[in-house]
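Working notes, beginning with the structure itself.
Numbers for residues simply follow the sequence, beginning at 1. Just so it is clear, the values below take in all heavy atoms, side chains as well, and ignore hydrogens, waters and symmetry mates.
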Amino acid sequence: MNQSVTNGSANTSMVNVIYVLYLLALISGVTALIGVIVAYVYKDDAPEWLRTHYELQIRTFWMGLLIGAVGVVLSWVLIGIPILIALAVWWIIRCVKGLRYVGERQPYPNHLGWGI
């Protein structure tokens, strides 16, 4: 699924906006909530290659919320701090890679996985 998509009619602006909202969420968490709502709204009408990005964004939100909650709870015993730092790095890498793949008009590989 690494082939470039040449469909020039696909609008990638919303996917890019969501990635930026997710990156801004590291400063203000509410932007991630806005981003995931927008991803749910636009996902079904997107072409297949763009849908991989929306699905990645939705999964990133929910996995990030879960891991973040665990990190906050465990921060009382100090192990949560490295978990939250790793979460931030994971979040940034997924967003930056997503922006790169959208710029190249390619689907996000392994968009259903937990990795980067």
Practice problem: Could you walk me through whether Y19 and L23 pass side chain to side chain contact (heavy atoms under 4.5 Å, CB included), step by step? | Solution: CA-CA 6 Å; Y19 281 126; L23 290 171; 5.6 Å; no

Looking at side-chain heavy atoms only, is the closest gap between [X] and [Y] below 4.5 Å?
X    : Y    : value
V102 : Y108 : no
V17  : V38  : no
L33  : F61  : yes

Which distance, rounded to the nearest 0.5 Å, do you find between the [atom1] of [X] and the [atom2] of [Y]?
X   : Y   : atom1 : atom2 : answer
L66 : M63 : CG    : CE    : 9.5 Å
I18 : I34 : CD1   : CD1   : 11.0 Å
T52 : Q57 : OG1   : CD    : 9.5 Å
R94 : L56 : CZ    : CG    : 4.0 Å
L78 : I83 : CG    : CD1   : 11.5 Å

Ignoring hydrogens, what is the shortest heavy-atom contact between [X] and [Y]? Give both atom names and the distance.
X   : Y    : answer
E55 : L112 : OE1-CD2, 4.1 Å
L87 : G64  : CD2-O, 3.6 Å
N11 : S13  : OD1-OG, 2.8 Å
A39 : I58  : CB-CG1, 3.8 Å

Mind checking whether [X] and [Y] sit in one hydrophobic cluster, side chains of I, L, V, M, F, W, Y counted as touching below 4.5 Å?
X   : Y   : answer
W91 : I85 : no
V30 : I27 : no
L99 : V89 : yes
V36 : V41 : yes
W90 : L65 : yes

Self-check item: H53 side chain to Q106 backbone, donor-acceptor under 3.5 Å
Solution: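 Pair found, side chain donor or acceptor close to backbone of Q106.
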
Quiz item: Does L21 offer a backbone N or O that forms a donor-acceptor pair with the side chain of T31 under 3.5 Å?
Solution: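 Present.
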
Exercise. For the pair M14 and Y54, evaluate side chain to side chain contact (heavy atoms under 4.5 Å, CB included) and give the outcome as yes or no after the intermediate values.
Key: CA-CA 9 Å; M14 269 306 156; Y54 287 120; 3.5 Å; yes

Exercise. Dump the intermediate steps for side chain to side chain contact (heavy atoms under 4.5 Å, CB included) on Y101 and V15, then the final yes or no.
Key: CA-CA 11 Å; Y101 284 121; V15 170; over 6 Å; no

